[in-house]
Amino acid sequence: MLDIKLLREDPERIAANLHDRNVQVFPDLDSEQAGESWAKATVERLRAYDQKVRDLIAAGDNLRREQNENSSAMKKVGKLAKDEQQAARTPLIERGRELREQEKQIAEQHAEAIAARDEAWRRVPNLSHPDVPKGHTDDDHAQLRTWGERRDFAAEGFEPKDHLDIAEALDLVDFASGAKVAGQKFYYLVNEAVLLDLALQRYALDMARKHGFKLHTTPDLARVDILDGLGFNPRGESTQVYSVANSDLCLVGTAEITLGGMVADEILDPEQLPLLVAGLSHCFRTEAGSAGKESRGLYRVHQFTKVELFAFTVGELELSEAMHQRMLDIEEEIFQGLEIPYRVLDIASGDLGGPAYRKYDLEAWMPGRGGWGEITSTSNCTDYQARRLRIRYRPAPVDGKKQKPKMVHMLNGTAVATSRALVAILENNQQADGSVRIPAALQPYCGFDRIGPR
RNA sequence: GGGGAAGUGGCCGAGCGGUUUAAGGCGACGGACUUGAAAUCCGUUGUACUCGAAAGGGUACCCAGGGUUCGAAUCCCUGCUUCUCCGCCA
């Protein structure tokens, strides 16, 4: 959620950003129905909502002030002579009843107005970094660089298989049983794949730790309001999130949720910042609306395991942007260690997602599909998530004066999502004889340097 | 799962329907005294919304949400959390 003051102070900026990101806040205000100025019309409606809220706040405050005055008048009645007290009380009681009635009505209207405003305001996405490429197709992302040598399978004399063929031939996954027990896109890892999965987790955790991230395993479930605070929409029709029946809990789609929520409602000491935490969790995704897309194998599944990096920084753009680069560097170091060729994308405005101010993805080369596939993603969400989770810090005193708390900036990034990393490793390291070479960095964790041939 | 107890400011802790403007203490900050420090004394002290150019004013917040009342930290209901005892369990 953005600071509502921005709506009052710089509405043009919000309209321009809505336009760049192509985000419709009100269903009836899109470019078809409202024309070119739909974004401007959206902002105007938001401002009207906000004004109504403020008017009702003023009205309510006034009534409560009168109620307080009435109460103090009542206190003084006790000092009057006994025979005068009753006569003095009656009108005050009457007035008090009136005020209570009025205040109740105003409070009701206020609750409605604030619900309407916030429901809309929450859909307004974060501002965007000025360098974010504008556009909303996959071609609009800016490719910053590539790393690594892609293997020339033709020169090696064989046709690369995709990871599912490799894994099935080596008896590393069991999708059939997964489907029987839990449904399509659930799976069992089998044999060496189990150890490889654990090795990836341990490798990523060691890397996170080396870079100063405090390690955590996190709950795999979280409360709805924590999800909300981080900008996930557990309700909604196309939600990516599983909800647990008869509770306010959801299965987390990423440890971003549990790590980000960890310090909700707290005012942090500036010495604690930047606060670097890493979390190992399972990730559950409904993948609603993505049926048929990249449906083969481990690439898009309902459950996987991930080591996530998370940072809370002082609420200054220079600092969070520097941290964002640092997180991207770590992600690159991790995949360089795994010897996976990849490219780095600066994600375009239309594909940022609500909370992100800027987002970089790493896409690994996946020979099986002959294309790039997303393996990590790191976002600087600035204060957008912090505002709803009320995560603040108190800046150091200036001239001996205590400073007001400020919102932290929050960043998240993937260290390793094991399922996608498995895809990349199996496909890039497959051998002509059907075996798969294990990257040197993982061998100490696995205890073997090759799977197969069988 | 069942029974008890408890949730008050940065922390400890009093208050159980209107003299509370939440006592008192600790801590922190500022000042006085001091060559400096300690001790002592004096003062200040949270979060947010809102009005205002500012000075400053108003409102809310005693775990959360409802309710009773002219008036709630205080009474009632529901929930959450913590502690504790019993049962069950890896």
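Chain identifiers are assigned alphabetically (A, B, ...) following the order of the sequence lines, protein sequences preceding nucleic acid strands; residue numbering begins at 1 within each chain.
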Hey, does the side chain of Asn70(A) come within less than 4.0 Å of G71(B)'s phosphate (OP1/OP2), counting only N and O? no
Watson-Crick or G-U wobble partner for U74(B), using a 3.5 Å limit on both distances? none
C1' gap between C83(B) and G24(B), integer Å: 26 Å
Are Glu192(A) and Arg454(A) within salt-bridge range, i.e. N to O under 4.0 Å? yes
salt_bridge(Glu316(A), Lys406(A)) N-O dist < 4.0 Å: yes
Interatomic distance, Asp225(A) CG vs A64(B) P [rounded to whole Å]: 15 Å
Taking a pair to mean Watson-Crick or G-U wobble geometry with both distances below 3.5 Å, G24(B) pairs with C12(B)
Paired with A90(B): which nucleotide, if any, by Watson-Crick or G-U wobble criteria at under 3.5 Å for both distances? none
Could you tell me how far C85(B) sits from G79(B) if I compare only their P atoms? Round to whole Å. 24 Å
May I have the distance from Ile114(A) (atom CD1) to A60(B) (atom P), rounded to whole angstrom? 16 Å
Taking only side-chain nitrogens and oxygens of Arg95(A), does any of them come within less than 4.0 Å of OP1 or OP2 of G71(B)? no
Ile93(A) atom CD1 is separated from U69(B) atom C1', nearest whole Å, by 10 Å
Tell me the interatomic distance from Glu101(A), atom CD, to G67(B), atom P, rounded to whole angstroms. 12 Å
When the ring centroid of Phe26(A) is compared with that of Tyr49(A), is the distance short of 6.0 Å? yes
For G71(B), does either OP1 or OP2 sit under 4.0 Å from a side-chain N or O belonging to Arg100(A)? yes
So, do Phe312(A) and His409(A) have ring centers that fall under 6.0 Å from each other? no
Rounded P spacing from G15(B) to A23(B) in Å: 14 Å
Distance between the C1' atoms of U19(B) and G2(B), in whole angstroms? 46 Å
Base, sugar-phosphate alone, or nothing: which one does Arg223(A) contact when heavy atoms must sit under 4.0 Å apart? sugar-phosphate
Classify Arg387(A) by what it touches in the nucleic acid, base, sugar-phosphate, or nothing, heavy-atom distance under 4.0 Å. nothing
Take atom CD of Gln51(A) and atom P of C51(B), then tell me their distance rounded to the nearest Å. 8 Å
If I pick the P atom on G58(B) and the same atom on A6(B), what distance separates them, to the nearest angstrom? 37 Å
Could you identify the nucleotide paired to U82(B), looking across every strand shown and requiring Watson-Crick or G-U wobble geometry with both distances under 3.5 Å? A5(B)
Sidechain N-carboxylate O distance under 4.0 Å for Asp50(A), Arg8(A): yes
Applying a 3.5 Å limit to both distances, which nucleotide forms a Watson-Crick or G-U wobble pair with G30(B)? C42(B)
In this structure, how many angstroms lie between the P atom of G58(B) and the CD atom of Gln67(A), rounded? 16 Å
Please state how far atom CD in Glu266(A) lies from atom C1' in G46(B), giving the value in whole angstrom units. 16 Å
For C49(B), does OP1 or OP2 lie under 4.0 Å from any side-chain N or O of Arg8(A)? no
Distance check: side-chain N/O of Asn62(A) vs OP1/OP2 of U50(B), anything under 4.0 Å? no
If you compare every side-chain N and O of Arg54(A) against the phosphate oxygens of C51(B) (OP1, OP2), does one of them come in below 4.0 Å? yes
Between G7(B) and C12(B), how far is it from one P atom to the other, in whole Å? 12 Å
Who pairs with A48(B) - Watson-Crick or G-U, where each distance is under 3.5 Å: U59(B)
Between atom CG of Leu189(A) and atom OG1 of Thr418(A), what is the distance when rounded to the nearest 0.5 Å? 7.0 Å
G56(B) and U45(B), which share atom name P, separated by this distance in whole Å: 13 Å
Taking NZ, NE, NH1 and NH2 as the nitrogens, is one of them in Asp118(A) or Arg122(A) under 4.0 Å from a carboxylate oxygen of the other? no
Is any side-chain N or O of Arg392(A) closer than 4.0 Å to OP1 or OP2 of A48(B)? yes
I want to confirm an ordering. Mapping Ile267(A) and Glu94(A) to their closest nucleotides on RNA chain B, which one lands closer to the 5' end? Ile267(A)
Considering only U68(B), U50(B), G58(B), which nucleotide approaches the side chain of Arg65(A) most closely? G58(B)
Can you measure Ile226(A) atom CD1 to U81(B) atom P for me and round it to whole angstrom units? 13 Å
Under 4.0 angstrom between Arg97(A) side-chain N/O and C70(B) OP1 or OP2: yes
Roughly how many Å apart are G17(B) and C11(B), using the C1' atom of each and rounding to a whole number? 29 Å
Does the side chain of Arg394(A) get closer than 4.0 angstrom to OP1 or OP2 of U47(B) through an N or O atom? yes
Given Phe284(A) and His302(A), is the ring-ring contact (aromatic ring centres under 6.0 Å, His included) satisfied, shown in steps? CA-CA 5 Å; Phe284(A) 301 91; His302(A) 289 314; 9.9 Å; no
